[in-house]
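Everything below concerns the one structure shown next.
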Protein chains: 2
Amino acid sequence: MSLRYALLGLLAHRSASGYDLMGTFRSSLAHVWPATQSQVYGELTRLTNAGLLTVGEQGPRGRREYAITEAGRAELDGWLTDETARTPQRSTLLLHAFFLGLAEPARARRYLSRQAELADGRMARLRELEGSVDWDGGPLSTHGRLALEYGLRLAAMQRDWATWAATQIAAAPAEA
Amino acid sequence: MSLRYALLGLLAHRSASGYDLMGTFRSSLAHVWPATQSQVYGELTRLTNAGLLTVGEQGPRGRREYAITEAGRAELDGWLTDETARTPQRSTLLLHAFFLGLAEPARARRYLSRQAELADGRMARLRELEGSVDWDGGPLSTHGRLALEYGLRLAAMQRDWATWAATQIAAAPAEA
DNA sequence: CATCACATGTAAAAGGTTACATGATTCT
DNA sequence: AGAATCATGTAACCTTTTACATGTGATG
């Protein structure tokens, strides 16, 4: 149900076509709430049928420009500060950690070191993104910064944890 | 595809029934890789058909005791240190952050403070869990600790971020 | 005129959630 | 005898992923 709010949120800022929105999903929103083209187009149709969006004049290549309705804004507004909405957390990194005792210590340590490196790489890429985004005043600016900072802190946490975990493995040999 | 490895991982430690495994999912594994009963039973059948598990003697109430096969161990072993396996990260907290500029600053700040509180609560519950788990030497012990530490660090990061983000909102009023 | 960017959709399959359905054994 | 626990399964629905399919307009 969250993709719905991602779309409403983007359209609350300015009207756009499915194609436009996909551009945003590819650049910035991919880090926050990934979505595929087939999902976005489908959801736009559903939101229009539900009266939360309207379609404007047909553009050049069958382009459909979507605009948020009053009902759409109300729906979005209700969600914005809804504390109860939580996605079940699933992390393959964590699942690996849970079962890492089944691998030889040296291999497990190598795996964790590699994960630390990868997290470091993610941090670097986010910092690059930070420099390249035009902080122009849309919902992608002031509050995009908050999201970006979250990503940076998450990556840093994962790097530090993986580094620490590798030392723990060294200390305690494999069991099972 | 990860549920598959969660089950193989648990069964690599000791044979168990679907019901037993559900117990583990309810207690410890829920924090790592949540799964429902209907998912677990279905996957066990699929793993058996794929030759990665075998079913032992029928127990009391039609109980089916599953054991991992050599093929199952090989499959698990390949996955254990596979660096490429990554789940797309989706976080409602992050999505909220991204669009928080659309709410009034006071409301947005209240939301973030509440999220900080909630993260703090999660930390407390994990610390409780840490005390109550019997660290007996299974894959849930040494390496369950790693997973638990990850959870603690994640919650701490979220708490600190939400607290920091609230101050950022205070500084910059709403746009859109 | 060819290529690239624009632009929209559908179909099939996999993964996940919720609800329903049923029955056996053990404990009090 | 009744309740709790053990134990398995199915059906419907929603979300997400991957792949296919098609066509238009602008640019060099």
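Labels below follow one simple rule: chain letters A, B, ... track the order of the sequence lines, proteins then strands, and each chain is numbered from 1. The analysis underlying the following values was restricted to heavy atoms, covering all of them including side chains, and did not include hydrogens, waters or symmetry mates. Computed from a prediction, not measured in an experiment: that's the story for all the values here.
- Every residue was checked against the salt bridge (Lys or Arg N to Asp or Glu O under 4.0 Å) condition with Asp82(B), not counting sequence neighbours, and none meets it.
- Other residues sharing a hydrophobic cluster with Leu118(A) under the 4.5 Å side-chain heavy-atom criterion for ILVMFWY residues do not exist; the residue is a singleton.
- In this structure Asp20(B) satisfies the side chain to side chain donor-acceptor pair (under 3.5 Å) test together with Ser17(B), Arg63(B), sequence neighbours excluded.
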Atom pairs and distances, donor-acceptor, side-chain atoms in residues 52-61 of chain B, under 3.5 Å, two or more places apart:
none

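- Applying the 4.0 Å criterion to OP1 and OP2 of dC6(D), one finds that Tyr19(B) has a side-chain N or O inside that range.
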Taking only distance into account, with no hydrogens and no angle test, what donor-acceptor pairs under 3.5 Å do side-chain atoms of residues 148-156 of chain B form with protein atoms, sequence neighbours excluded?
unit_1	atom_1	unit_2	atom_2	d
Glu149(B)	OE2	Arg153(B)	NE	2.8
Tyr150(B)	OH	Gln158(A)	NE2	2.9

- Report, as a single string ordered 5' to 3', how protein heavy atoms within less than 4.0 Å touch nucleotides 16-22 of chain C: B base, S sugar-phosphate only, - not at all. SBBB---

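- Considering only side-chain N and O atoms, Arg64(A) lies under 4.0 angstrom from the phosphate OP1 or OP2 of dG9(C).
- As rounded to whole Å, 13 Å separates atom C1' of dT15(D) from atom CZ of Arg4(A).
- Remark: Arg114(B) pairs with Glu83(A), Glu117(B) by the side chain to side chain donor-acceptor pair (under 3.5 Å) rule, at least two apart or across chains.
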- Note on the structure: Once base and sugar-phosphate atoms are separated, protein heavy atoms under 4.0 Å mark nucleotides 23-28 of chain C, 5' to 3', with B, S and - as BBB---

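- One end of the helix from dC1(C)-dG28(D) to dT28(C)-dA1(D) points its axis 10° away from the other end's axis, with each axis taken from 5 pairs and the angle rounded to 10°.
- Scored by the side chain to side chain donor-acceptor pair (under 3.5 Å) test, Glu43(B) finds Arg46(B) as partners (sequence neighbours excluded).
- The ring-ring contact (aromatic ring centres under 6.0 Å, His included) search around Tyr66(A) returns none, not counting sequence neighbours.
- Judged as a ring-ring contact (aromatic ring centres under 6.0 Å, His included), and not counting sequence neighbours, the contacts of Tyr111(A) are His96(A).
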